[in-house]
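Everything below concerns the one structure shown next.
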Amino acid sequence: MAQRRALFGEWQHEMGSADSELRQRLRRERKEARREARRAFAEMLRASDELGPRPSFSAARTLYGDDPRWRALERQERDEAWDEVEEEL
């Protein structure tokens with residue numbers, strides 16, 4: 001019985017390590033996807049000729065609200081990215 005418990009404990013430890021590695025990998029992939037989405041959003045705004053010299057967020061939303069690069073970001077992240085890019089425009 002002690003041997004079975006020891007084997008079960010080892011198995012739990014191994015599974016916990018594999019699960020932890022998987023969570024870390026998924027976390028890194030999600031972070032990279034968010035970074036890429038933010039980069040694509042900023043590039044879309046920079047490349048726009050339709051926004052004019054003093055762009056407004058509402059004008060950009062009207063133009064690009066249906067664009068997948070716009071929708072790829074959550075609202076807060078989109079607002080932050082807008083603020084960064086707006087200074088450049």
Side-chain angles (χ1 to χ4, degrees):
M1 187 66 147
Q3 183 182 11
R4 291 176 77 186
R5 284 185 184 174
L7 287 173
F8 183 69
E10 288 177 29
W11 177 80
Q12 282 182 315
H13 180 70
E14 289 174 10
M15 294 307 292
S17 295
D19 189 44
S20 176
E21 291 171 11
L22 176 63
R23 281 193 303 253
Q24 288 176 354
R25 183 174 57 82
L26 291 174
R27 194 176 308 124
R28 281 192 307 268
E29 289 173 1
R30 282 191 303 265
K31 186 176 181 179
E32 182 59 34
R34 283 193 314 269
R35 186 179 302 133
E36 178 59 27
R38 193 169 178 148
R39 186 204 59 75
F41 175 81
E43 187 59 34
M44 171 185 69
L45 295 175
R46 287 184 191 110
S48 174
D49 295 332
E50 300 165 348
L51 285 178
R54 294 197 50 169
S56 70
F57 186 80
S58 61
R61 182 178 46 228
T62 301
L63 289 170
Y64 300 112
D66 293 330
D67 192 294
R69 296 170 290 184
W70 182 276
R71 293 182 311 210
L73 295 176
E74 296 292 326
R75 182 177 180 185
Q76 181 179 359
E77 228 175 350
R78 188 170 39 241
D79 290 346
E80 291 170 1
W82 169 262
D83 290 341
E84 291 173 9
V85 174
E86 182 182 32
E87 293 174 4
E88 298 174 18
L89 301 175

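By convention here, the first residue in the shown sequence is residue 1. Heavy atoms only: backbone and side chains are in, while hydrogens, waters and symmetry mates are out.
- Surrounding CD of Q76 are at most 12 heavy atoms belonging to other residues, nucleotides or ligands under 6.0 Å away.
- Summarising the local packing, CZ of R4 is surrounded by 12 or fewer heavy atoms from other residues, nucleotides or ligands at distances under 6.0 Å.
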Pair E50, Y64 - check side-chain contact (heavy atoms from CB on, under 4.5 Å), show working. CA-CA 10 Å; E50 300 165 348; Y64 300 112; 3.8 Å; yes
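- Within the model, atoms CZ of R27 and NZ of K31 stand 10.0 Å from one another, a figure rounded to the nearest 0.5 Å.
- The CG atom of L51 lies 8.5 Å from the CE atom of M44; values are rounded to the nearest 0.5 Å.
- Looking at L63 and W70, their side chains never come closer than 4.5 Å, going by heavy atoms from C-beta outward.
- Side-chain contact between E77 and F41 is absent, with no heavy-atom pair separated by less than 4.5 Å.
- The structure places CZ of R69 at 9.5 Å from CZ of R39, a figure rounded to the nearest 0.5 Å.
- For the side-chain contact (heavy atoms from CB on, under 4.5 Å) test, residues two or more places apart in sequence or in another chain that qualify with E86 are W82, D83.
- Tested against R38, the residues E80, E32, E74 include a single salt bridge (Lys or Arg N to Asp or Glu O under 4.0 Å) partner, E80.
- Looking only at distances, a side-chain donor or acceptor of R78 sits under 3.5 Å from a matching main-chain atom of L73.
- Residues passing the side-chain contact (heavy atoms from CB on, under 4.5 Å) test with R46 are A42, E43, V85, E88, sequence neighbours excluded.
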